**Student:** 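The structure under discussion is supplied below as structure tokens; questions concerning it will follow.
In this text, all values refer to a predicted model and were calculated from it rather than measured experimentally. Below, each value reflects all heavy atoms present in this structure, side chains not excepted, and no hydrogens, waters or symmetry copies.
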Amino acid sequence: MPHILHIDASARPGLAGTDDHGSHSRNLTHQFVRQWQALRAADTVTYRDVGQTPPSFINREWIQSAFTPAPKQEPWMAEILAESDELVDELLVADILVIGAPLYNFGMPAALKAWVDQIVRVGRTVSFDPNTPETPFTPLLADRPRHAVILSSRGGTGFGPGGVLQHMNHLEPALSTALEFIGIAHIHCIAIENEETGGAMLADSIAEAHRRVKALVDELTTTVGAAAKELEPA
């Protein structure tokens, strides 16, 4: 059965349309998971709210621990890496990664970047071979098809592909680069725009995003479900 890892990164704890100052990106991720489970109730979900409970920032001790070969690690290094190990383990078992990520100052929220820094890790999600300098990195999550669904919200408009402000959007490109680097090759992006404009323009953007989320759920429940069934033992 496919497994979903659902991550919310907005600093706003509530849902737009339900709570005052609620999050549009959270609204989209919850819609995605809710509609998925309506079609495939047996599939499992792990939820992590990095917006409200941010992962630790990496520091000197983390770097020293992560780049020390396991046989040479001291006991304190395992403690330093315990959080990273937990986050990586959650990701390894996921077939669908659903990320709610608002655009903050042209990039991803700091809490989400902290999560990325914890899961992009040599020996766990990517391997490094200095003897092959032209292709030293091998993604370790390319062992089976995995999908990432990035559901975003933006205050302005024109930040998407072909938009006049596309060059200022460093959220989806940076997140996609990190995920592809570790082997998650199927990336799907949907965003709500015009939060600051409001009114009919925001309402239209919300409606279009919800329509696209539903279409994506319909598509992925079919393709991912079929792929998972093929991997089941005969």
**Student:** Return the minimal non-hydrogen interatomic distance between Pro139 and Ile182, and the atom names on each side.
**Tutor:**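 Closest approach of Pro139 to Ile182, heavy atoms only: CB-C, 3.2 Å.
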**Student:** Anything under 3.5 Å between a donor and an acceptor, one on a side chain of residues 9-19, the other on a protein residue two or more places apart or in another chain? List them.
**Tutor:**
unit_1	atom_1	unit_2	atom_2	d
Ser10	OG	Arg12	N	3.0
Ser10	OG	Ser23	OG	3.3
Arg12	NH1	Gly22	O	3.2
Asp19	OD2	Leu15	N	2.8

**Student:** Measuring from Leu151:CG to Arg212:CZ, what's the distance to the nearest 0.5 Å?
**Tutor:**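 The CZ atom of Arg212 is 9.5 Å from CG of Leu151, to the nearest 0.5 Å.
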**Student:** Is there a donor-acceptor contact under 3.5 Å from the side chain of Glu83 to the main chain of Ser56?
**Tutor:**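 Checked: pair present.
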**Student:** Tell me, with the steps shown, if Leu175 and Leu112 meet side chain to side chain contact (heavy atoms under 4.5 Å, CB included).
**Tutor:** CA-CA 9 Å; Leu175 192 51; Leu112 183 56; 4.0 Å; yes
**Student:** How far apart are the closest heavy atoms of Ala101 and Leu171, and which atoms are they?
**Tutor:**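 In this case the closest contact between Ala101 and Leu171 is O-CD2, 3.1 Å.
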**Student:** With sequence neighbours left out, write down each residue that passes ring-ring contact (aromatic ring centres under 6.0 Å, His included) with Trp115, or none if nothing qualifies.
**Tutor:**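 For Trp115 there are no ring-ring contact (aromatic ring centres under 6.0 Å, His included) partners, ignoring immediate neighbours.
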**Student:** Is the number of heavy atoms from other residues, nucleotides or ligands under 6.0 Å of Asp20 CG greater than 12?
**Tutor:**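 Counting neighbours around CG of Asp20, 12 or fewer heavy atoms of other residues, nucleotides or ligands fall under 6.0 Å, so no.
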**Student:** For the hydrophobic clusters of this structure (ILVMFWY residues joined by side-chain heavy atoms under 4.5 Å, transitively), does one cluster hold both Leu141 and Ile7?
**Tutor:**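 Yes.
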**Student:** Report the C-alpha distance between His186 and Leu220 in whole Å, list the side-chain angles of each, state the deciding distance to 0.1 Å, and finish with yes or no for side chain to side chain contact (heavy atoms under 4.5 Å, CB included).
**Tutor:** CA-CA 11 Å; His186 305 284; Leu220 292 183; over 6 Å; no
**Student:** Does a sphere of radius 6.0 Å around NE2 in His167 hold more than 12 heavy atoms from other residues, nucleotides or ligands, not counting ones at 6.0 Å or beyond?
**Tutor:**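 More than 12 heavy atoms, drawn from other residues, nucleotides or ligands, come within 6.0 Å of this atom.
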**Student:** Among residues two or more places apart or on two chains, list those pairs meeting side-chain hydrogen bond (donor to acceptor under 3.5 Å, both in side chains) that have a residue in residues 189-202.
**Tutor:**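 Residue pairs passing side-chain hydrogen bond (donor to acceptor under 3.5 Å, both in side chains), neighbours aside: Ser153-Glu195, Arg154-Glu193, Thr157-Glu193.
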**Student:** Using ring-ring contact (aromatic ring centres under 6.0 Å, His included) as the criterion, list what pairs up with Phe137, not counting sequence neighbours.
**Tutor:**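 For Phe137 the ring-ring contact (aromatic ring centres under 6.0 Å, His included) partners, ignoring immediate neighbours, are Phe128, Phe181.
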**Student:** Going by the rule side-chain hydrogen bond (donor to acceptor under 3.5 Å, both in side chains), which residues pair with Glu208 if we only count those two or more places apart in sequence or in a different chain?
**Tutor:**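 With neighbours one apart ignored, the set is Arg211.
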**Student:** Without swapping roles, check the side chain of Arg124 against the backbone of Val88 for a donor-acceptor pair under 3.5 Å.
**Tutor:**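 No.
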**Student:** Under the rule for ring-ring contact (aromatic ring centres under 6.0 Å, His included), what residues qualify as partners of His188, not counting sequence neighbours?
**Tutor:**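 With neighbours one apart ignored, the set is His147.
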**Student:** Within a reach of under 6.0 Å around CG of Asn59, are more than 12 heavy atoms found that belong to other residues, nucleotides or ligands?
**Tutor:**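 Yes - once you tally the heavy atoms of other residues, nucleotides and ligands closer than 6.0 Å, there are more than 12.
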**Student:** Nearest heavy-atom pair of Ser205 and Ala191: which atoms, and what distance?
**Tutor:**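 In terms of heavy atoms, the two residues are closest at OG-O, 4.3 Å.
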**Student:** Restricting to side-chain hydrogen bond (donor to acceptor under 3.5 Å, both in side chains), what partner residues turn up for Thr177, sequence neighbours left out?
**Tutor:**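 Thr177 satisfies side-chain hydrogen bond (donor to acceptor under 3.5 Å, both in side chains) with no other residue.
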**Student:** With rounding to the nearest 0.5 Å, note down the distance linking CG in Leu179 to CD1 in Ile119.
**Tutor:**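 Here the rounded value is 6.0 Å.
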**Student:** How far apart are the C-alpha atoms of Ile4 and Gln37, what are their side-chain angles, what is the distance that settles it, and do they pass the side chain to side chain contact (heavy atoms under 4.5 Å, CB included) test?
**Tutor:** CA-CA 10 Å; Ile4 295 173; Gln37 292 182 309; 5.8 Å; no
**Student:** Starting from the C-alpha separation in whole Å, work towards a yes-or-no answer on side-chain hydrogen bond (donor to acceptor under 3.5 Å, both in side chains) for Gln118 and Trp62.
**Tutor:** CA-CA 9 Å; Gln118 291 282 356; Trp62 189 98; 3.0 Å; yes
**Student:** If only atom types and distance count, is the side chain of His3 paired as donor or acceptor with the main-chain N or O of Thr44 below 3.5 Å?
**Tutor:**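 Yes: the side chain of His3 pairs with the backbone of Thr44.
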**Student:** Apply salt bridge (Lys or Arg N to Asp or Glu O under 4.0 Å) to Asp204 and list each qualifying residue two or more places apart in sequence or on a separate chain.
**Tutor:**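 Scan of Asp204 (salt bridge (Lys or Arg N to Asp or Glu O under 4.0 Å), adjacent residues dropped) gives none.
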**Student:** Could you give all pairs that pass the salt bridge (Lys or Arg N to Asp or Glu O under 4.0 Å) test and reach residues 107-119, with sequence neighbours left out?
**Tutor:**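 Sorted pair list: Lys113-Asp117.
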**Student:** Can you sort out the partners of Phe67 under ring-ring contact (aromatic ring centres under 6.0 Å, His included), two or more places apart, ordered by chain and number?
**Tutor:**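 Applying ring-ring contact (aromatic ring centres under 6.0 Å, His included) to Phe67 gives none.
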**Student:** Evaluate the side chain to side chain contact (heavy atoms under 4.5 Å, CB included) criterion for residues Ile63 and Arg60: first the C-alpha distance (whole Å), next the side-chain angles of each, then the deciding distance (0.1 Å), finally the verdict.
**Tutor:** CA-CA 5 Å; Ile63 294 171; Arg60 176 183 177 180; 5.9 Å; no
**Student:** Any ring-ring contact (aromatic ring centres under 6.0 Å, His included) involving residues 36-55? Give me the pairs, sequence neighbours left out, ordered by first then second residue.
**Tutor:**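 Residue pairs with at least one partner in residues 36-55: His6-Tyr47, His30-Tyr47, Phe32-Trp36.
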**Student:** Could you pull out all residues at least two apart from Arg121 that satisfy salt bridge (Lys or Arg N to Asp or Glu O under 4.0 Å)?
**Tutor:**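 Listed in chain order: Asp85.
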**Student:** To check you understand the geometry: which heavy-atom pair defines the closest contact between Phe106 and Met168, and what is its length?
**Tutor:**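 Phe106 and Met168 have their closest heavy atoms at CB-O, 3.1 Å.
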